[in-house]
Every structure is written in structure tokens, then in C-alpha cells.
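The structure under discussion appears below in the form of C-alpha cells.
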Amino acid sequence: MPTYKLTYFNAKARGETARWIFALAGQEYEDNRIDLKDWPEVKKNFPFGQVPVLEVDGFVLAQSGAINRLLARRSNLYGDNDIEAAKIDQVCEALVDLGLAMRKYFHEKDESRKEETLKDLLENEAKKHFGFLVNLLDANGGNGFYVGNRVSLADVDSAIYLTDMVARVPGLKVTEPELLAHVEKIQSIPAIAEWLKKRPDTPF
């Protein structure tokens, strides 16, 4: 039986998808949350000097995408064949694009450009990416999942992006009925609902 240790900050962000996968799988793991004051010293021990990091029986794996895909494969959340796996990757990459659009706003230092970036994000960029996600849901026949007939990494990643990540952008709301229904469907899964009740309350 493998043992897992997930190291990240006391935050949701890039560490939360792995936590949801552990919850869905009923898999015990060590949820190691780093205090920011300790980060300059702690990061010396990790590949690329960044988190999240997953330790699996002594093997250290970095990069959130790699971590999430490993856990999804081991938890039967990565489709039934290579085409379904590719479709799941497609959704995850679409979410990365949405994240990059939001990151552009977060990282802008010039206040006037920051306001322009936020305006463009609210009026154009976010709606464009939300539309892509609606299309991907519709392409699966309207059964409420992105790929196949059961929850996958795509559903977990999307539900997190459209709640925790979107909430960080002032004024940004998901209004598309298909996406709101999808988030509710995934958050209502008993294992996820239980995790949402007990997870630490963090600002992001």
C-alpha cells in the first residue's frame, strides 16, 4: 500500500485538485502545509524549488499537472482508454488557459494597466474561456460530466477552477447554467462534500 505526502502552502490553489482526488479515492495522505515564513529554507529541498510536491514511498514528484495525473490514474479518474484520457487532458489544458488569463491580472503591477486587464478579463477573456468549457460539456452528450459517464480529473479540476480560482478575481462570476450545474454536481458527491466541510478555511 503506497504512502503519500502532499506538501503545499496553507492554501487551496494548486494543491487542491490533489486533495479532492484523495478525498474521492478515500486515500489517506499527509497534508503537509508550509508556513510562508519557512518557505525560503524549505524550498531548497524540492525539485524546481516550488510546490506542490508529492512524496510517494520516498519518490519526490513536482509539478501540479504531473501530480494530479498520477493520482487520477491511480484513482480511476483518468478515463477508460487513451482517447478519454486525451479528452480529460484537453479540459485540463483549457483550464490552464483560463488560469493564465487570470494570472495576467494578478501579476500586473501597474495600476492603470491592472484596471484595463481586469476589464478585459471580465468582459471578454473569462466569458470566452467559460464558453469553451460549456462546449466541452455539451460535446459529451449533456450527461453532466466532461468525459464518459463518471467523474474524472477533468470534472474535479473544473469545479475547483470555477469556484476557488474564480473567486480570487474581483467581480468575476460564473453565470453559465451548464457550468453552475456541473460545479454543484461535483461538489455534491459525498466524498467531496465531506472534504469541503472539513478543509481548513484559507483566503485562497
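None of the values given here were measured: they were computed from a predicted structure.
In this structure, the side chains of Arg168 and Pro203 stay at 4.5 Å or more apart for every pair of heavy atoms. With contacts defined as side-chain heavy-atom distances shorter than 4.5 Å, the pair Trp20/Leu196 qualifies. The closest side-chain heavy-atom distance from Leu71 to Tyr78 is not below 4.5 Å. Side chains of Glu55 and Asn32 form no contact here, defined as non-hydrogen atoms less than 4.5 Å apart. Here the side chains of Asn140 and Tyr146 are not in contact, with every heavy-atom distance at 4.5 Å or above. With contacts defined as side-chain heavy-atom distances shorter than 4.5 Å, the pair Lys43/Gln50 does not qualify.
Between Tyr29 and Phe22, the ring-plane angle classifies as parallel under the 30° and 60° cut-offs.
Listed here is the closest heavy atom pair of Pro170 and Leu118: O-CD1, 3.7 Å. Considering all non-hydrogen atoms of both residues, Ala154 and Cys92 come closest at CA-SG, 4.4 Å. Pro200 and Asn10 get closest at one heavy-atom pair: CB-OD1, 4.1 Å. Summarising the geometry of Arg14 relative to Ser64, their closest heavy-atom pair is NH1-OG, 3.5 Å, with the distance given to 0.1 Å. Scanning both residues, Val60 and Pro47, for their nearest heavy atoms gives CG1-CD, 3.7 Å. Across Ile88 and Gly79, no two heavy atoms sit closer than the pair CD1-N, 3.4 Å.
Between the side chains of Asn68 and Asp157, not a single donor N or O lies within less than 3.5 Å of an accepting N or O. Counted by atom type alone, Gln187 and Trp195 present zero donor-acceptor pairs between their side chains at under 3.5 Å. A donor-acceptor contact closer than 3.5 angstrom is absent between the side chains of Tyr105 and Arg113. No side-chain N or O of His129 forms a donor-acceptor pair with one of Asp97 less than 3.5 Å apart. Judged purely by distance below 3.5 Å, without hydrogens or angles, the side chains of Asp57 and Thr3 pair a donor atom with an acceptor atom.
Criterion: ILVMFWY side-chain heavy atoms under 4.5 Å apart, direct or through other members. Under it, Leu24 and Tyr8 are not part of a common hydrophobic cluster. In the hydrophobic cluster analysis, where Ile, Leu, Val, Met, Phe, Trp and Tyr join through side-chain heavy atoms closer than 4.5 angstrom, Leu98 is grouped together with Leu136. Connection of Val53 to Tyr4 is not established within any shared hydrophobic cluster, with ILVMFWY side chains joined at heavy-atom distances below 4.5 Å, either directly or through further cluster members. Under the 4.5 Å side-chain heavy-atom criterion for grouping Ile, Leu, Val, Met, Phe, Trp and Tyr, Phe132 is not connected to Val96 through any hydrophobic cluster. Under the 4.5 Å side-chain contact rule for hydrophobic residues, Val51 and Val56 do not share a cluster.
Looking at Lys127 and Glu176, no side-chain N of the basic residue comes within less than 4.0 Å of a carboxylate O on the acidic one, giving no salt bridge. Ion pairing between a basic and an acidic side chain is recognised when a charged N comes within 4.0 Å of a carboxylate O; Asp38 and Arg33 show no such pairing. In this structure, Arg103 does not pair ionically with Glu125, as no charged nitrogen and carboxylate oxygen lie closer than 4.0 Å. One finds no salt bridge joining Lys87 and Glu84 here, because no Lys/Arg side-chain nitrogen approaches an Asp/Glu carboxylate oxygen to under 4.0 Å.
Between the CG atom in Leu6 and the CG atom in Leu54 there is a gap of 6.0 Å [rounded to 0.5 Å]. The line from NZ of Lys104 to CG of Asp120 is 6.5 Å long, rounded to the nearest 0.5 Å. For the atom pair CZ of Phe106 and CG of Leu100, the computed distance is 12.0 Å after rounding to the nearest 0.5 Å. One finds the OG1 atom of Thr17 at 10.5 Å from the CD1 atom of Ile67 (value rounded to the nearest 0.5 Å). The distance from atom CG of Leu133 to atom CD of Glu178, rounded to the nearest 0.5 Å, is 11.0 Å. The CG atom of Leu121 sits 10.5 Å away from the NZ atom of Lys128 when rounded to the nearest 0.5 Å.
Using modelled atom types, no side-chain atom of Arg150 and backbone atom of Leu77 make a donor-acceptor pair closer than 3.5 Å. A donor-acceptor pair is defined here as one N or O able to donate and one able to accept, closer than 3.5 Å; no such pair exists between the side chain of Lys5 and the backbone of Asp31. Listed for the Thr163 side chain is a donor-acceptor partner under 3.5 Å among the backbone atoms of Ile160. Side-chain atoms of Glu108 come within 3.5 Å of backbone atoms of Asp110 as a donor-acceptor pair (strictly under, hydrogens ignored).
A cation-pi arrangement is present between Lys185 and Phe145, with the terminal nitrogen or guanidinium carbon under 6.0 Å from the aromatic centre and inside a 45° cone about the axis. Cation-pi check for Lys12 over Phe204 is not met; the charged atom does not lie both under 6.0 angstrom from the ring centroid and within 45 degrees of its normal.
The side chain to side chain donor-acceptor pair (under 3.5 Å) check on Glu28 picks up nothing, with sequence neighbours excluded. The ring pair (Phe, Tyr, Trp, His ring centres under 6.0 Å) search around Phe9 returns Trp39, not counting sequence neighbours.
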Derivation and outcome, side-chain hydrogen bond (donor to acceptor under 3.5 Å, both in side chains), residues Asn143 and Asn149 = CA-CA 7 Å; Asn143 69 356; Asn149 295 308; 2.8 Å; yes
Side chain to side chain contact (heavy atoms under 4.5 Å, CB included) assessment of Met102 paired with Met165: CA-CA 9 Å; Met102 292 191 287; Met165 298 293 281; 3.9 Å; yes
Apply side chain to side chain contact (heavy atoms under 4.5 Å, CB included) to Ser75 and Gln27, showing your working. CA-CA 9 Å; Ser75 304; Gln27 173 65 55; 6.0 Å; no
Problem set entry | CA sep, side-chain torsions, deciding dist, call: Val174, Val183, side chain to side chain contact (heavy atoms under 4.5 Å, CB included) | CA-CA 10 Å; Val174 178; Val183 168; over 6 Å; no
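Through side-chain heavy atoms spaced under 4.5 Å, either directly or across other Ile, Leu, Val, Met, Phe, Trp or Tyr residues, Phe48 is tied to no other residue.
Within a 6.0 Å radius of CZ in Arg19, other residues, nucleotides and ligands contribute more than 12 heavy atoms.
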